[in-house]
Amino acid sequence: MDNMQQQFIEAGTLMLAGMVFVFAFLGVLIIFINTVLARLAIKFPDPIVVPHSRPNKKSKSTTSGDISPAVVAAISGAVKRYRSQHGQDK
Amino acid sequence: MDNMQQQFIEAGTLMLAGMVFVFAFLGVLIIFINTVLARLAIKFPDPIVVPHSRPNKKSKSTTSGDISPAVVAAISGAVKRYRSQHGQDK
Amino acid sequence: MDNMQQQFIEAGTLMLAGMVFVFAFLGVLIIFINTVLARLAIKFPDPIVVPHSRPNKKSKSTTSGDISPAVVAAISGAVKRYRSQHGQDK
Amino acid sequence: MDSLTKLWLSTGLANFELGQVVMMLVGCGLLYLAIARNFEPLLLLPMGFGAILTNIPVAGFSEAGGLLHYIYYAGIDTGIFPLIIFMGVGAMTDFGALIANPKTLLLGAAAQFGIFATLFGAIALNYVPGIEFTLKDASAIAIIGGADGPTAIFLASKLAPELLGAIAVAAYSYMALVPIIQPPIMRALTTEEERKIEMKQLRPVTKIEKIIFPLGVLMMTIFFLPSATPLVGMFCLGNLMRESGVVDRLSTTAQNELINITTIFLGLGVGSKLSAEAFLNVETLGILALGAVAFSIGTASGVLMAKTMNKLSKDPINPLIGAAGVSAVPMAARVANKVGLEANPHNFLLMHAMGPNVAGVLGSAVAAGILLALVGG
Amino acid sequence: MDSLTKLWLSTGLANFELGQVVMMLVGCGLLYLAIARNFEPLLLLPMGFGAILTNIPVAGFSEAGGLLHYIYYAGIDTGIFPLIIFMGVGAMTDFGALIANPKTLLLGAAAQFGIFATLFGAIALNYVPGIEFTLKDASAIAIIGGADGPTAIFLASKLAPELLGAIAVAAYSYMALVPIIQPPIMRALTTEEERKIEMKQLRPVTKIEKIIFPLGVLMMTIFFLPSATPLVGMFCLGNLMRESGVVDRLSTTAQNELINITTIFLGLGVGSKLSAEAFLNVETLGILALGAVAFSIGTASGVLMAKTMNKLSKDPINPLIGAAGVSAVPMAARVANKVGLEANPHNFLLMHAMGPNVAGVLGSAVAAGILLALVGG
Amino acid sequence: MDSLTKLWLSTGLANFELGQVVMMLVGCGLLYLAIARNFEPLLLLPMGFGAILTNIPVAGFSEAGGLLHYIYYAGIDTGIFPLIIFMGVGAMTDFGALIANPKTLLLGAAAQFGIFATLFGAIALNYVPGIEFTLKDASAIAIIGGADGPTAIFLASKLAPELLGAIAVAAYSYMALVPIIQPPIMRALTTEEERKIEMKQLRPVTKIEKIIFPLGVLMMTIFFLPSATPLVGMFCLGNLMRESGVVDRLSTTAQNELINITTIFLGLGVGSKLSAEAFLNVETLGILALGAVAFSIGTASGVLMAKTMNKLSKDPINPLIGAAGVSAVPMAARVANKVGLEANPHNFLLMHAMGPNVAGVLGSAVAAGILLALVGG
Ligand code: NA
Ligand code: NA
Ligand code: NA
C-alpha cells in the first residue's frame with residue numbers, strides 16, 4: 001500500500017520534528033530560566049518581610065479568645081454573604 | 001360560531017389528555033420511588049457517621065474561646081477575600 | 001482653509017451647546033434633590049434602629065470568646081466554601 | 001442654533017408617544033412592587049427596569065443594535081436563560097421530602113388542573129370582543145397556573161412571544177401574591193379539624209436515592225415526553241450536581257453567580273417585551289384575570305386532592321399541604337405551614353408541604369412539555 | 001525537510017513585521033505600568049496582554065475565527081461590555097455624599113469643560129500634517145477628559161473604533177496619573193487659605209432618597225438626553241440594585257464576579273485594537289497630548305468653579321474638591337483629600353470630594369450622550 | 001384520540017433508535033465513573049449528562065435551535081471555552097517548583113513522546129479494517145497522550161471535530177486512571193534504590209521570577225510557535241494575573257466562578273458530540289486503545305529520561321518524578337510522591353514532581369501547537 005507508506009513517512013517525520021522541537025523549546029526555556037530569571041532574581045530580590053511590620057496581612061487570630069477587628073469585619077462580611085445566599089429563596 | 005366550538009373541543013381534549021398524562025407521569029414516578037429507590041436505599045444505606053471520626057467536616061467551634069486551625073484558615077481566607085473585594089476600587 | 005473654519009465653528013457650537021446642556025442637566029438635578037428628594041426624606045424618614053432590637057444584623061462578636069451561633073454558621077459555611085475551592089484541583 | 005434644534009429633536013420630550021409613557025409607568029409600578037412590596041424582586045426589579053428602558057424614545061434599546069435586543073435574542077428567544085435558571089433552581093432543590101413521601105406527587109399533579117382549566121378559560125375569553133387567543137396563546141397563558149417563573153417564560157417564548165411580557169408580569173405577580181390568594185381558598189375548602197391534622201414524621205432519605213431520583217425523572221421524561229426534556233433535563237442536571245457531592249464547586253456556582261448573572265439579563269430581556277403595542281390592550285387584562293383564576297383553581301385542586309387522599313390513606317394527610325402543589329417554591333409551602341399553625345400551634349407542616357411543592361415544579365414542567373408537544377408543533 | 005521548512009515558515013521569527021514588534025513592546029509597556037507602577041491594573045493588564053496577542057504574526061487572534069475577534073465583536077462593538085461594567089460601577093457607587101450636598105453637582109458639570117475644550121483642541125490639531133480628525137474622531141478623543149474608562153470605551157466604539165486603542169490607553173494612563181497631574185494644578189489655582197477651608201459635616205441621607213435618586217437621574221436622562229440612556233440607564237440599574245436592598249445577591253454579583261469577568265474580556269478586546277496601523281502614527285501622539293490637556297483643563301475648571309461657588313455660597317466650599325469633578329473615582333477624591341491634609345492636617349475632605357467625584361461620572365455620561373446625539377447621528 | 005396519537009408519536013419510546021439507547025448508556029456510564037468512581041467529575045458529569053441529552057429522540061438538543069447546538073457552536077467550535085479554562089488553569093498554576101529546578105523541563109519534554117508515538121500508532125491502525133484515520137485525525141488522537149483535557153478538546157475541535165467526543169472521553173478517563181496506569185510502569189522501569197533517592201530541597205523563588213516567567217514563555221512561543229499562542233497565551237495570561245499580585249480579583253474570578261461556569265458548558269458541549277454515528281464504531285475502540293498506549297509511553301519516556309538525567313547530573317534526581325511529566329496536574333505528581341513513599345517513607349517527592357508536572361502542561365501545549373502548524377494548515 002503506497003498510501004500507507006507515505007502516511008508512515010509523514011507520521012515519522014512529524015514524530016521526529018515534533019520531539020526535536022519540544023526538546024529545543026523547553027531547552028531554551030531552561031536557558032531562559034538559568035540566565036534571565038536568575039539574574040533578575042539577584043537584581044530584584046524579594047523584600048524581606050518582618051512579620052511584625054505587616055500585622056494585618058495574616059491576622060494572628062490563633063491566640064484563643066482574641067479576635068482582631070479585621071477578623072470581626074471578615075466574619076460579619078461572611079455572615080452577610082452567608083445570609084444573602086441562604087436567606088433569599090429561588 | 002363553529003370555530004369557537006372546535007376550539008372548545010380542542011381545549012377540552014387538551015385538558016383531558018393533559019391531566020391524564022400528568023397524573024400518569026407522576027404516578028409512575030411514585031412507583032419508581034417505591035420500588036427502585038426503596039430497593040437502592042436498602043442495598044446502599046448511608047454510611048453511619050460517627051461524629052468523632054470526621055472532626056473537620058463541621059468544625060465544632062462552639063466551645064467559646066477555642067478556635068480550631070480550620071476555622072482560622074477559613075477566617076484568614078475570608079479576610080483575604082473580603083480585602084480583595086473591598087480594598088480594590090473600580 | 002474654509003473647511004477648517006467650518007470645523008472650528010462646529011466644534012465651538014458643540015462646546016457651547018454641550019457645556020450649557022451639562023450645566024442645565026445637573027442644575028435641574030440639584031433642584032430635583034432639593035425638592036423631590038428632600039420632601040421624600042421628610043415624609044419617609046429612615047426607621048430608627050435601636051441596636052439591641054436587631055442583634056443579628058451585625059453580630060457583636062467583639063466580646064472575646066463569645067461567638068454567636070450565626071457567626072459559627074458563617075464560619076462553618078466559610079470553611080466549607082474554603083474547602084470546596086481549595087480541596088478540588090483543576 | 002442648528003445644534004440646539006438637533007439636541008431638542010433628540011430629546012425624549014420631543015419624541016414621546018403616550019403608550020411609551022404609560023408603559024414606563026407600568027415599569028415603575030413593577031419596581032414599586034419589587035422594592036416596596038417585595039414582590040419577587042429578583043426578577044421584577046430588572047424586569048421593571050427593562051420595561052422602562054425599552055420604552056425610551058429614540059434610544060432604541062430593543063431595536064437592532066440595542067442592548068435589550070441582543071439580550072432578548074441571545075438569551076430568551078433561544079431559551080438559554082430560562083434553562084440556565086432552571087439548572088440553578090435544580091441545584092437549590094432538595095427532593096428529600098418528596099422521596100420520603102412519594103404520595104405527595106399526586107398533589108403536585110392535581111394542582112396542574114389550574115393550568116388546563118385556564119387553557120379552557122382562555123379559549124372562552126375569545127367571546128370577549130378584542131380578545132383573540134389562538135390555542136398557542138391560550139397554552140402560554142395557561143402555564144401561569146404552573147406558578148413557576150422560568151417555565152412560564154420558556155413556554156411563552158416558544159408559543160406566544162408577543163404575550164411574553166404580560167405572561168411574565170402575571171406569573172411573577174401572582175407568585176408574590178400567593179400568601180394573599182391561597183389562605184382564603186384553603187380555609188374555605190377545609191374544616192378546622194382537617195387543618196389540625198398532624199402528619200407522621202418523614203423517614204430519612206439516603207444519598208443514593210437523592211442521586212438516582214433526578215436521573216429517574218429524566219429517564220421517564222425521555223421515555224414519555226421528550227418535549228419536556230430541555231426544562232426537566234437542565235433541572236435534573238442542577239439537582240444531580242447538587243446531590244452527587246462530587247462537583248460542589250459547579251453546584252455552588254450554578255446556585256449563585258451563574259443564576260444571579262442570568263437573572264439580571266433574563267429580567268431585562270423579559271422587560272424588553274413590555275412595549276405599548278404588546279401590553280396595552282384588552283388581552284393583557286384577560287391574561288391578568290386568567291392568571292388569578294389559574295392560581296385559585298390550582299390551589300383548590302391541590303386541597304381537594306389532599307382531602308380525598310386523606311380519606312383513602314392510612315397515614316393522615318393534612319389537606320393544607322395540597323395547596324403547595326402549585327409550586328411557587330418555597331412560598332406556597334410556607335403558606336401551608338402558616339395556615340396550619342393557625343389551627344394547631346404545634347403542627348409544623350413545612351417539611352410535609354415541601355413534597356407537593358417540589359412535585360408541583362415537576363408537574364408544571366411536565367404540563368409545559370405536553371403543551372409544547374400537542375400545541376407547539 | 002519539508003516539515004522543518006513548514007515549521008520555520010510558521011514561526012513568528014519568519015513572519016514578524018516591524019510594526020508588530022513595536023506594538024508588542026507597547027503591550028509590554030502597558031504591562032509594566034500595570035504591574036510595576038500599579039496604573040489601573042485591572043484594565044491595563046489584560047489590555048497590554050491583548051495588545052501582545054493581537055500582534056502575534058500568523059496566529060490571527062483578531063482575524064475572523066480568532067479569540068480576540070470574537071471578544072471584540074461580541075462585547076465591544078455591540079457596547080455590551082462597557083455597559084455591564086457601568087452597571088457594576090453603579091452598584092459600587094454611593095451617592096450619599098452627593099445627595100447630602102447637591103451643589104457639588106455644579107463641580108461635576110464644570111469639570112466637563114475638559115471634554116469640550118479638548119474637542120476644540122482636537123480640531124485645531126488638524127493643522128498638524130498627518131493628523132486629520134473628523135468631528136466624530138474629535139468627540140471620541142475629547143471624552144478622555146471625562147476620566148471615566150467605560151464611558152470612553154463606549155463612546156469610542158461608537159464614534160471612532162479605529163482610535164479605540166489609543167483612546168483607551170490615554171484614558172486609563174491619565175486616570176492612573178491623576179495623583180501626579182492634579183496636585184500642581186490644584187496648588188497653582190488656590191491660595192493656602194483656600195486649601196485650609198474646612199467644610200460643614202454632611203447631613204445623613206435617608207434610604208428613600210438613595211432609592212429614588214437613580215430613578216430620578218434616569219427619568220431626566222430620558223426626558224432630555226435619550227442618547228445617554230444606555231450608559232446612564234445601566235449605571236442607574238446597578239445603583240438601584242444596590243440601594244433597593246431587595247436584590248442583594250444580584251447587586252453583589254454585579255459588583256464582583258460579573259464585573260470581573262467582563263473586565264478581563266473588555267481589556268483583551270480593547271487591547272486587540274492596538275495594531276500597528278491603528279496606533280503607530282502621529283494621531284496617537286496627538287491623542288496622548290490631548291488627553292493630558294483634557295485632564296488638566298477639567299481639573300482647572302473644577303477648581304475654578306469651586307472657588308467661585310465658595311465666594312457665593314454661605315457654607316464654605318474648599319476649592320480642592322472641585323478637582324474631583326473630573327471623576328476618576330475614587331482616586332481624584334483621594335487626591336483632593338491628600339492635598340487638603342497638606343495644608344491643614346485636621347481637614348478631611350474625602351467625603352466632601354466624593355460628591356463632585358460621582359457627579360463627574362454623571363457629568364461625563366451626559367457629555368457622552370450629547371456628543372452621541374449631535375455628532376453620532 | 002387525535003391528541004393521544006400525537007402525544008404517543010411525540011414520546012421517546014415511539015422514536016428511539018438503538019444507537020441512541022446505547023449512547024445514553026454510555027452517558028450513564030460516564031456519570032457512574034464521575035460520581036461513584038470520582039473520575040474527573042468536574043468534566044465527566046456534565047459531559048455524561050450532555051451525552052444523554054443529545055441522544056434524546058425528538059428533543060433536538062443538538063440540532064439548530066437546540067441548547068447544546070448553541071453551546072457547541074458558540075463555545076467549542078470557536079475554541080473559546082477550552083481557552084477560558086486554560087486561562088483559569090494558568091491562574092491556578094504555581095511555577096515555583098519548575099523555576100527552582102529548571103532541568104525538570106526536560107522531563108516534561110520527554111513525556112511528550114507519548115503524543116508523537118501515538119500519532120505513529122494511529123496511522124498504523126489504518127491497517128485495521130473499518131479504521132481510516134487521516135493525519136489530522138491521528139494528531140487529534142495523539143494529543144490524548146498530553147494528559148491535558150482543555151488542550152485535547154481545543155486541538156480536536158480544530159483538527160477532527162467528529163472525533164471530539166471519543167477523544168475527550170479517552171483523555172479524561174485515562175487522566176482519572178493515572179493512579180492505576182502509572183505505578184506499575186514506574187516500578188518496572190526503576191530499581192528499589194532509584195525509587196529511594198532523596199532530592200535536594202528546592203531553593204526559594206522570587207516574585208519577579210514568577211512574574212517574568214509566563215511572559216518569557218509567551219515570548220518564546222511567539223518567536224518559535226505562533227500556532228500554540230492561543231493555548232499558551234491564555235495560560236500565561238492566567239498565570240500573570242496570579243503572580244502579578246495587582247489584579248487579585250480578576251485572578252480569583254478566573255480560578256473560580258469563570259472556570260466553573262465554563263466547565264459546565266464545556267462538559268455539556270463536548271457531551272453533545274457523543275452521538276451514535278460518531279461514537280459507536282471501531283474507530284472509538286482504536287482511540288481508547290491508543291489513549292492507553294499514549295499514557296503508558298509518556299510515563300515510560302518520562303521515567304527513562306529521569307534515569308538518564310540522574311546518571312548525568314550532579315544533584316540526584318529520583319526517576320519517579322519523570323512520570324509526572326505527562327501533566328495530569330496534580331494527580332501525576334501525587335502518584336510520584338506515593339510510589340516514592342512506598343520505597344522510602346521519609347521521601348517526599350511532591351514538590352519535586354510539581355516541576356515536571358507543570359512542565360508537562362507546557363510541553364503538551366507546545367506539541368499541540370506543532371501539530372496545528374504542521375497538520376492543521
Ligand atoms: Na407548578
Ligand atoms: Na467625568
Ligand atoms: Na502534557
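Each chain gets a letter, A, B and so on, in the order its sequence line appears, and its residues count up from 1. Just the heavy atoms: all of them, side chains too, but no hydrogens, waters or symmetry mates, feed the values below. No experiment lies behind these values; they were computed from the predicted model shown.
With a threshold of 4.5 angstrom between heavy atoms, D:Ala34 approaches chain E through N, CA, C or O but not through any side-chain atom. Neither the backbone nor the side chain of D:Leu9 comes within contact range of chain E; no heavy atom of the residue lies under 4.5 Å from a heavy atom of that chain. Residue D:Leu31 touches chain E through its side chain alone, counting heavy-atom pairs closer than 4.5 Å. Both the backbone and the side chain of D:Leu13 have a heavy atom closer than 4.5 Å to some heavy atom of chain E. For D:Ile261, the parts lying under 4.5 angstrom from a heavy atom of chain E are both the backbone and the side chain. Of the atoms belonging to E:Ile222, heavy atoms from both backbone and side chain fall under 4.5 Å from chain D.
Using a 4.5 Å heavy-atom threshold, the side chains of D:Leu266 and D:Thr263 count as separate. Side chains of E:Tyr72 and E:Lys273 form a contact here, defined as non-hydrogen atoms less than 4.5 Å apart.
Minimum interatomic distance between E:Thr221 and E:Ala228 (heavy atoms only, all atoms of both residues): CG2-CB, 3.8 Å. Taking every heavy atom of both residues into account, D:Met24 and D:Pro57 meet most closely at CE-CD, 4.3 Å. E:Ala156 and E:Leu164 make their closest contact through CB-CD1, 3.7 Å (heavy atoms, listed as atom of the first residue, atom of the second, distance).
Top candidate by heavy-atom pairs under 4.5 Å with chain D, chosen from E:Ile370, E:Ile211, E:Thr253, E:Asp77, is E:Thr253. Of the listed residues (D:Leu68, D:Val58, D:Asn38, D:Leu45), the one with the most heavy-atom contacts under 4.5 Å to chain E is D:Leu45. Between chain E and the residues D:Ile264, D:Leu67, D:Asn260, the most heavy-atom pairs under 4.5 angstrom are made by D:Asn260. Counting heavy-atom pairs under 4.5 Å between each of D:Asn15, D:Ile52, D:Ile35 and chain E puts D:Ile35 at the top.
At least one donor-acceptor pair under 3.5 Å links the side chain of D:Gln255 to the backbone N or O of D:Ala91. Between the E:Glu209 side chain and the E:Thr206 main chain, a donor and an acceptor come within less than 3.5 Å of each other. A donor-acceptor pair under 3.5 Å links the side-chain atoms of D:Asn239 to the main chain of D:Thr93, judged by distance alone.
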I'd like to know whether E:Thr151 forms a side chain to side chain donor-acceptor pair (under 3.5 Å) with E:Ser364, so could you lay out the CA-CA distance, the side-chain angles of the two residues, the decisive distance to 0.1 Å, and finally the verdict.
CA-CA 8 Å; E:Thr151 300; E:Ser364 40; 5.0 Å; no
Applying side chain to side chain donor-acceptor pair (under 3.5 Å), run through D:Thr284 and D:Asn281 and close with a yes or a no.
CA-CA 6 Å; D:Thr284 296; D:Asn281 50 42; 3.3 Å; yes
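Taking CD of D:Glu63 as the start and OG1 of D:Thr54 as the end, the distance is 8.5 Å to the nearest 0.5 Å.
The stretch residues 229-238 of chain E places E:Thr229, E:Pro230, E:Gly233, E:Met234, E:Cys236, E:Leu237 near chain D, each with some heavy atom under 4.5 Å from a heavy atom of that chain.
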